[in-house]
Structures are given as structure tokens and as C-alpha cells.
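Worksheet for the structure shown next.
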Amino acid sequence: MSVSGILYSKNGAKVARKLLILQLLTFVLLSAAFGFKSLTWTTSGLMGGMAAWLPNVLFTLFAMRQQGQTAVSGRVAWTFAIGEALKVLITIILMIIALGLFKAVFAPLGLAYLSVLMTQILAPAVINSYRT
């Protein structure tokens, strides 16, 4: 379950916040490890992590804002779909900026991006196992 799906659960905001912090720590620590190779690898790793993490943060804020409103039949699904579409669009824009404008190195950028995505997939299971 991703940040998107967690937000609609009972204690979603608290779990989503923990997941976002864990994702942030993942790509910051990985980028710091890339510092042993070069500063370019570090910045590329940070850009890759931000390309995955920042859209999740924006989606979380968007979803939390929508949660306070009264639920209309079908509105939750549309809110989710719009939020996911915005996440994809923002991710594409950030990747274009990182690769095109800043000439990021693809290997650390991709590894940091994938590490955030893997954290997004695996962390909810770990968080839920400690809650029960």
C-alpha cells in the first residue's frame, strides 16, 4: 500500500507522515553514500530521491485537504485519480529538469528514485506489523 492508499485508512495521516519521513531518510542516506564516489553522484541521488518523494508529499497534502470535506459518492475515487495523475506529471517534470537541465548522472538518480519507490512499497508492511 502506497502513501496514496494509506491516507484513506483510519490513522492514515500519522502513518503517511512516518512513511514520508522514512522515504526522506532513505534517499538522503543513499545520496550521502554516493558522496564517496563524487559530489555529482550525491546531487544526482538527491534529485532522483526528490523526484519520487516530493510528489508523494504534495499528494499527501492534497489528500489531507480533501479528507476534511464531506464525502460525496464517487468523489474519493476522483480525488485519488487526480492526485495520482498530478504525482506522475510532477515526477516527469522533475526527472526532465534533473536529466536535461542539471545533467544528472543516471545511475545514482535511478537508484535513489527506485529506493524511494521500494520504501513506499515495503515500509507500510513493516509499519503495520509494529502496530498490531
Side-chain angles (χ1 to χ4, degrees):
M1 183 181 287
S2 67
V3 172
S4 315
I6 288 173
L7 282 171
Y8 295 106
S9 66
K10 194 190 310 186
N11 293 322
K14 187 191 301 187
V15 175
R17 191 176 317 117
K18 285 181 184 178
L19 180 56
L20 289 171
I21 291 169
L22 187 59
Q23 289 175 344
L24 177 67
L25 288 173
T26 300
F27 81 85
V28 167
L29 292 174
L30 184 61
S31 297
F34 288 145
F36 291 113
K37 175 79 172 166
S38 73
L39 183 60
T40 306
W41 274 56
T42 300
T43 56
S44 296
L46 286 172
M47 285 188 272
M50 288 298 287
W53 182 74
L54 188 60
N56 281 338
V57 170
L58 295 174
F59 179 86
T60 302
L61 294 173
F62 176 73
M64 280 191 216
R65 194 179 123 242
Q66 297 297 323
Q67 256 184 348
Q69 300 174 0
T70 57
V72 177
S73 179
R75 184 171 185 177
V76 172
W78 276 107
T79 302
F80 185 80
I82 290 168
E84 285 296 325
L86 288 173
K87 274 176 60 172
V88 170
L89 183 65
I90 292 168
T91 300
I92 291 169
I93 290 169
L94 290 173
M95 286 293 198
I96 289 171
I97 290 170
L99 291 168
L101 189 63
F102 292 109
K103 307 290 188 228
V105 180
F106 185 74
L109 180 123
L111 286 172
Y113 179 80
L114 289 175
S115 71
V116 173
L117 291 182
M118 291 305 295
T119 303
Q120 181 173 337
I121 293 167
L122 298 175
V126 174
I127 291 171
N128 285 337
S129 71
Y130 284 113
R131 283 187 5 194
T132 57

Taking side-chain contact (heavy atoms from CB on, under 4.5 Å) as the definition, give me every residue that meets it alongside L122, ordered by chain and number, with sequence neighbours left out. M118
Which side-chain hydrogen bond (donor to acceptor under 3.5 Å, both in side chains) pairs, counting each pair once, include a residue from residues 27-41, with sequence neighbours left out? none
Within one Ile-Leu-Val-Met-Phe-Trp-Tyr cluster: L58 and L46, side-chain cutoff 4.5 Å: yes
Show the nearest heavy-atom pair for residues N56 and K87, with the distance to one decimal. OD1-NZ, 2.8 Å
Can you confirm whether L22 sits close enough to K18 that some side-chain heavy atom of one is under 4.5 Å from a side-chain heavy atom of the other? no
Please determine which of V88, I92, L94 meets the side chain to side chain contact (heavy atoms under 4.5 Å, CB included) test together with I90. L94
For the student: nearest non-hydrogen atoms of A52 and Y113, plus distance: CB-CD1, 3.5 Å
Below 4.5 Å, heavy atoms only, C-beta onward: do F80 and F59 meet side chain to side chain? yes
Linked, directly or transitively: L54 and F27 (ILVMFWY side chains, under 4.5 Å): yes
CE/M95 to CD1/I97 distance, rounded to the nearest 0.5 angstrom? 11.5 Å
Hydrophobic cluster membership, with links at side-chain heavy-atom distances under 4.5 Å among I/L/V/M/F/W/Y: are M47 and L99 in one? yes
If hydrophobic clusters are built from ILVMFWY residues whose side chains come within less than 4.5 Å, do V116 and L61 share one? yes
Listed partners of T119 passing side-chain hydrogen bond (donor to acceptor under 3.5 Å, both in side chains), at least two apart: T26
Linking I/L/V/M/F/W/Y whenever their side-chain heavy atoms sit closer than 4.5 Å, directly or via other members, would V28 and L30 fall into one cluster? no
Which other residues belong to the hydrophobic cluster containing I21, where Ile, Leu, Val, Met, Phe, Trp and Tyr are joined when side-chain heavy atoms lie under 4.5 Å apart, directly or via other members? L25
How far does OG1 of T79 sit from CD of E84, to the nearest 0.5 angstrom? 12.0 Å
Suppose we screen for side-chain hydrogen bond (donor to acceptor under 3.5 Å, both in side chains). Which residues come up paired with T42, at least two apart in sequence or across chains? none
Mind checking whether V15 and P124 have side chains closer than 4.5 Å, heavy atoms only? no
Could you pull out all donor-acceptor pairs under 3.5 Å where a side-chain atom in residues 100-110 meets a protein atom, sequence neighbours excluded?
unit_1	atom_1	unit_2	atom_2	d
K103	NZ	G100	O	2.9

